Amino acid sequence: MTERLQIQNLYKIFSAAPEAALQILANGGDKNTVFDKLGAVVGLNNVSLSVPEGAMYMVMGLSGSGKSTLARCINRLNEPSAGKILLDGRDIVPLKEEELREVRRTRISMVFQHFALLPNKRVIENVEFGLKLRGASPADRRRRADEVLSVVGLARWGYHFPHELSGGMRQRVGLARALATDADILIMDEAFSALDPLIRTEMQDELLRLQRTLNKTILFITHDFQEALKLGTRIAIMSEGELVREGTPQSIVLEPGSDYVAAFTREIDRARLFDARSVMREAAPILRSESGILVGGAEAGDPGFVLDGEGRILGALDGAALGHARQSGEIGTPSSDYVSVPENAKLIEVARSYRNGAPMAVIDEDGRLVGTLGVGELLSRMSSTSPKTASAGDRHV
């Protein structure tokens, strides 16, 4: 997967002379040492991460953790003190003002927590604003603004003023303004934090819907772990200006790696986080005959499934019938009494589908078998609090 954005050893020292603070940090000191000796504030301390193209990448942490400082360094509203910010491999930290303006106009858009709309401009004029700064013609920017207002469900509100809209609608205008420029990266800094809970949930759902259509690269800043889990394909957790954990939502819940991260995960509803693929067992081929391909689990008593040549299920065999097939070499007649669930189905949906005694198959979007699932694994993952090994690519920092 292409890395759209890479942050390498990024530091931000709030000081007129950051060099001494950087030296203290390089010698093993921390932000408290820097403050005690120099009175300087460490906003970011050696942060490195990579954001894949098309990812919804969440950066979260408590107040003062450095997450918003990171967002503002990426588009250089805050100037980094050291390190690199690579946009498609090009370091944007050394860019001069004119080059930086071009990056902000065309490559990186930002959605703020408090909307930042122009109150004396109509909705459509707010949406056009970035295109106007870019120098687009009135006709082109009006056409594009109409398009994105339709995308976010505000086509009928273009000629109203912001004060005539609800909070959620105003946030949609802010989102539409960012989308209008068709930038490569969308930074959302606590974009939904100021909204009421119900409107916030609606906006999260709207963003997921838009992402399925637009497949943007999004860096989303939040202090809400539930929001990070719902939206994110990967999550970076920050504390005291440092990156302390990075990985998939599921891996972070399974292996927090520290008490700080574990505190976020304790009240997580695992049934709504984990999916069928995360707990299924792969089924290996056992027999091949004219009547189909028999696959089954490795353990005694596991059910088996009979597949056609394309891997789709023809029927199931219970443990006894599977054992007989192993001994006789004959598949026999499969039963239609089984349950199939999509691999991306959340465990709460899987549990609702479960029928006592019926084998459970996990299928991909084309209906092909990818694994089997037993009630034991299902209940264990829904209730488990024991850490497990993180997958490759996850990081403890």
Side-chain angles (χ1 to χ4, degrees), residues 1-12 25 30-31 42-78 80 82-87 92-93 108 110-111 113 184-193 204 207-208 211 216-265 268 273 387 390-397:
M1 185 177 293
T2 304
E3 302 297 335
R4 173 68 76 177
L5 177 69
Q6 293 177 289
I7 310 299
Q8 296 181 353
N9 310 111
L10 197 66
Y11 291 83
K12 174 58 184 176
L25 295 174
D30 59 16
K31 65 181 300 181
V42 178
L44 297 175
N45 185 0
N46 197 24
V47 174
S48 296
L49 55 85
S50 295
V51 181
E53 183 177 5
M56 184 91 79
Y57 194 101
M58 313 299 290
V59 179
M60 70 152 300
L62 301 177
S63 178
S65 63
K67 57 189 186 298
S68 290
T69 300
L70 175 62
R72 285 163 170 75
C73 280
I74 289 172
N75 66 359
R76 286 183 53 194
L77 292 176
N78 287 340
K84 295 182 178 181
I85 301 170
L86 303 179
L87 180 57
I92 65 172
V93 172
I108 300 175
M110 198 157 185
V111 181
Q113 177 179 354
D184 297 310
I185 294 177
L186 185 61
I187 299 176
M188 305 185 71
D189 188 7
E190 297 277 9
F192 304 152
S193 297
Q204 291 168 353
L207 182 60
L208 289 172
Q211 181 64 352
K216 287 288 184 181
T217 302
I218 299 175
L219 189 78
F220 195 110
I221 312 299
T222 182
H223 64 270
D224 185 336
F225 193 53
Q226 291 281 6
E227 183 170 67
L229 293 176
K230 179 176 180 178
L231 299 178
T233 51
R234 293 190 75 83
I235 300 175
I237 299 180
M238 299 189 67
S239 175
E240 300 292 317
E242 300 181 26
L243 179 64
V244 297
R245 182 72 170 92
E246 196 273 351
T248 65
Q250 294 86 353
S251 68
I252 289 174
V253 171
L254 284 177
E255 190 188 16
S258 69
D259 291 341
Y260 174 78
V261 178
F264 292 114
T265 70
I268 295 304
L273 171 63
S391 61
D394 294 336
R395 288 192 290 159
H396 299 279
V397 184

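Model, not experiment: these values are computed from the prediction.
- Only one option out of Leu87, Leu10, Leu5 pairs with Ile74 in a side chain to side chain contact (heavy atoms under 4.5 Å, CB included); it is Leu5.
- Between Phe264 atom CZ and Asp224 atom CG the span is 10.0 Å, to the nearest 0.5 Å.
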Where do Met58 and Ile218 land on the side-chain contact (heavy atoms from CB on, under 4.5 Å) test, with the steps shown first?
CA-CA 8 Å; Met58 313 299 290; Ile218 299 175; over 6 Å; no

Step-by-step side-chain contact (heavy atoms from CB on, under 4.5 Å) determination, Val42 to Leu25
CA-CA 9 Å; Val42 178; Leu25 295 174; 4.2 Å; yes

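- Between Leu44 and Gly66 the shortest heavy-atom distance is CD2-O, 3.4 Å.
- For the atom pair CD (Glu242) and CG (Asn46), the distance works out to 8.0 Å, reported to the nearest 0.5 Å.
- Between Leu49 and Tyr57, the closest side-chain pair of non-hydrogen atoms falls below 4.5 Å.
- Listed here is the closest heavy atom pair of Val47 and Gly241: CG2-O, 3.5 Å.
- Between Met238 and Leu70, some side-chain heavy-atom pair lies under the 4.5 Å cut-off.
- Side chain of Gln8 to backbone of Ser50: no donor-acceptor contact under 3.5 angstrom is found.
- Scanning for side chain to side chain donor-acceptor pair (under 3.5 Å) contacts around Ser68 gives Asp189, with sequence neighbours left out.
- Tested against Met110, the residues Ile187, Leu186, Ile185 include a single side chain to side chain contact (heavy atoms under 4.5 Å, CB included) partner, Ile187.
- Between Asn45 and Lys31 there is no side-chain heavy-atom pair separated by less than 4.5 Å.
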CA sep, side-chain torsions, deciding dist, call: Leu208, Met56, side-chain contact (heavy atoms from CB on, under 4.5 Å)
CA-CA 9 Å; Leu208 289 172; Met56 184 91 79; 4.3 Å; yes

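- With rounding to the nearest 0.5 angstrom, the CD atom of Gln226 is 9.5 Å from the CD atom of Gln204.
- Contact of the Ser258 side chain with the Arg245 side chain is not registered, since no non-hydrogen atoms from C-beta on lie closer than 4.5 Å.
- Atom CE in Met60 sits 8.5 Å away from atom CG in Leu229 (nearest 0.5 Å).
- Put simply, CD1 on Ile268 and CG on Leu254 are 12.0 Å apart, with the number rounded to the nearest 0.5 Å.
- The two residues Pro52 and Glu3 have their closest heavy-atom pair at N-OE1, 3.5 Å.
- Phe220 places none of its side-chain heavy atoms less than 4.5 Å from the side chain of Val111.
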Apply side-chain contact (heavy atoms from CB on, under 4.5 Å) to Leu207 and Phe192, showing your working.
CA-CA 11 Å; Leu207 182 60; Phe192 304 152; 4.2 Å; yes

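- Across all their heavy atoms, Ile85 and Cys73 have their closest contact at CD1-O, 3.2 Å.
- Residues Lys67 and Gly61 come closest through the heavy atom pair NZ-O, 3.1 Å.
- In this structure, Thr248 contributes its side chain and Arg234 its backbone to no donor-acceptor pair below 3.5 Å.
- Under the side chain to side chain donor-acceptor pair (under 3.5 Å) criterion, Arg4 pairs with Glu53, Asp88, sequence neighbours left out.
- At a threshold of 4.5 Å between non-hydrogen side-chain atoms, the residues Leu273 and Pro249 count as touching.
- By the side chain to side chain donor-acceptor pair (under 3.5 Å) test, Thr222 pairs with Glu227, sequence neighbours left out.
- Between atom OH of residue Tyr260 and atom CD1 of residue Ile237 there is a gap of 7.5 Å, rounded to the nearest 0.5 Å.
- Minimum heavy-atom separation, Ala236 to Leu243: CB-CD1, 3.4 Å.
- Residues Pro80 and Lys12 form no side-chain contact, since every pair of their non-hydrogen atoms from C-beta on lies 4.5 Å or further apart.
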